[in-house]
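What follows is a single structure, written as structure tokens, with notes after it.
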Amino acid sequence: MEAIFILIGISLLVALAFLAGFIWAVRSRQYDDDFTPSVRMLFEDESNAKSSNTSKEKE
Amino acid sequence: MSQKKQAKSNIDAKQNCFHCGDLCESEHVFFDEKSFCCHGCKSVYELLKSCDLDNYYTYAETPGIKRLKAPSKNAFAYLDDPVISRRIVQYSSAEMEKVKFRLPAMHCASCIWLIENFKKLVPGVMQSRVNFVKREGVFTYNPAELSLRRLVEQLASIGYEPELNFNQTDKKPGKRISKRLVYQIGVAGFCFGNIMLLSFPEYLSNTESVSGGYRRFFGILNFSLALPVLLFSARDYLQSGWRAIMRRRVNMDVPISLGILALFLRSSYEIFIEGGGGYMDSLAALIFFLLIGKWIQQRTYDSLSFERDYKSYFPISVQRIKGGAEVATAIDRIAVGDRFRVRSGELIPVDAELVSGKGKIDYSFVSGESEPVNVKAGEGIFAGGRQVGASIELRATKRVDQSYLTSLWNTDENQKDEHELEVLADRVGRHFTTVVILISILTAVYWYFTDSSVLLNAVSAVLIVACPCALALSFPFAFGNAVRLLGRQGFYLKNTQAMAKMAEIKQIVFDKTGTLTRKGETEVTFEGIDLSETDTSVIFALTSQSSHPLSRYIAAYLGSSEQPVAFEAFREVPGKGLRAMIENREVRIGSAKFTGATETGENALRSLVYYAVDGDVLGRFHIDKNYHPELKEIISALKQRFDLYIVSGDSDEERKRMESVFGQKTGIYFNQRPHEKQLLVEDLRKTGKNTSMIGDGLNDAGALRASDFGVSVADDVFRFSPASDAILTSSSFSRLNDFFSYANVSLKVVKWSFVFSFLYNGVGIFFAVQGLLTPVIAAVLMPLSSLTVVGFVTIGTRHYYRKLFNEKRSTQN
């Protein structure tokens, strides 16, 4: 049963890593704008579109 | 004349502009097999197409922005002034400059696409990124190829005119606060989850299956996980509660803090002295949910982003005249005696004296008077007026920060804090706290005499279970949700407190101009004979002599006349009309009685002006001051629930009309200056009834701020009045009554949620005072009560929203 001490210790460390990840994400402004990226990813890649103008046809 | 116009718009009916989506009316342009409503829209389309940017039209339908008037050529010339540009540019080097604008016109996916592909349109732009939520764009460009002024001009030319003002340069606090909140939530959530896991054995057993060593280990872990929650996440509540106690006042944070501390201290006691599990899970859960409620509140606030700064109304630079040349100069560098030029449509930034030109100043921002005032050379002009005629030359008589307008604004600023309303939640919270403390004292006294070993247990249990967390949650959740939903209907509230104030409004004061009427949009039509060229010239000649508003509207409608008309014996009979002799014929323009016309059924919302020659009535002008078409219905609906008043800066030519629309003779005030409006609102508030002011613009700022709930009516949401608690888009004006009803209903939902919350607390206290409250009951009861309350208010507010707004929409169509 002593394993439980180690396991809890490890699980806490993992959880802490996630907390650190969260704080990093906030700090690097990933939550500042949660709308634009969702639209931006749908835009045609302009460098490709230049070569093939036909791909611009959309309904 | 009007018939011609009518016919033309009939042909083009139901053709929408490919660019902006507006109905193509007076100016219908065909280009590239598409129809456009004006040349402005067409040229933007042409420009985008030539740059291979016509994808713009694929991401959203008719994404374009109609440009109402082309900006003057030198509108942005001041950006060439390095003093100004340095304030706006974020980063600058020889190869690269970086600038951030607010682009309020951005509204759809196509806008994002176009702005982010801006470098294809304008050479010299290196990169452009958009933050749609904040309506901001960040541009990096090469200053050798592109000047800041060019960049702004290019943006403006396709309809995305950046908002430039001093605010950009003043560093704004506040961003870091909301980020801190996110960290607090993160920490609370992390600790909450882990404490829950570690407390799991406690939920299952009567402690026998877990041996002492493990219990102690779990307990200590829980304690150390709860520490950051208490010290970091809950800090704002504890601080606010402590501050309130120090000021001998009780707010909602006091009982919350008491509950938090009681939970923490008792849990620590159990963990370290009794070797038990404590209730750290409840503590973390409580704080986690509280913070989420707060976060939702802040988000709605942020999305509105009210900026209470008068500076944003002023143009930030003026054309200073220096030795014959005009130089763009930052406004705060204008000294007394400096001469500067103000063009048509521009604001007068500082009290000044007219040097040359014809001053025609619209003081509607300041006095509420919508008719422009003529100013002769040598006379003074106050800051805040807007020149409507041709350009004029002025000489500053004061410095900017001393001007009349600034001082008017500053006094408002002070007044705001004085009458910060005590919101219902605080009121309830205060009584609640008193009762809870009373109960815990009684419990302590009782157990002290019967069984002192139960005392600590019972008292702390009372404090824990009575913690009004549900009470604290229901407000931000209910009103936050309601504010969000109302935003969809074009009614934007500043924050949830404004919603609480709105629900308790008993009387409403309306401003007339811009609220009940639309500014500047007067519709004139003529009915009668076909007006000949001579008739037009005659009417124009006479009406342009008069300064009566109705004459002015007619003169403006007829435009200018090429034929000068000689007339004699011109007389203006006040309140009746105009009379003159032209070629020995008597021409009368005026009221029905004056011209000898028979009066027909008067429409309360329009003025009629008759035209008669030698006693023959040849026709009449309809002058629609563009009142809301359903004004009467709206007012009579509101009248059933509120006391209504009108204050107007205009002259009382429309008193009769207002009396008939409002169905009352009293409470209608004309010729009111801004401070008189403010005094009136203050007097009305003294009657003890909560008062709402509905007005527009800067001129009502004092009254808006003085009222309990100030609403500014705006055509463009981004040009709100800084003093108001809410913005009403003028298209949603007809819904005003529904908005007030909804606020009422939302308050009712909150009150019901209080009942639920009390029920939970009552049951909890019932067990707690008897010392019977086990950890399981406390742990289950607290989050459960929070969750039901949050669920109840969210569903409740949404339900009533559907009932009030969506159902109505379907019956209307």
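Protein chains get the first letters and strands the later ones, always in sequence-line order, with residue 1 at the start of each.
Among all heavy-atom pairs drawn from B:Ala188 and B:Val229, the shortest one is CA-CG2, 4.3 Å. B:Tyr56 approaches B:Trp113 most closely through the heavy-atom pair N-CZ3, 3.1 Å.
Remark: the backbone N or O of B:Val130 is paired with a side-chain donor or acceptor of A:Arg40 at under 3.5 angstrom.
Heavy atoms closer than 4.5 Å to chain B are found in both the backbone and the side chain of A:Leu16. Heavy-atom distances place the side chain of A:Phe22, and not its backbone, under 4.5 Å from chain B. If you measure heavy-atom distances from B:Asn131 to chain A, the contacts under 4.5 Å come from both the backbone and the side chain. Within the 4.5 angstrom heavy-atom criterion, no atom of B:Leu197 approaches chain A.
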Please determine whether side chain to side chain contact (heavy atoms under 4.5 Å, CB included) holds for the pair B:Asp236 and B:Gln184, giving the CA-CA distance in whole Å, both sets of side-chain angles, and the decisive distance to 0.1 Å.
CA-CA 10 Å; B:Asp236 294 344; B:Gln184 284 176 333; 3.7 Å; yes
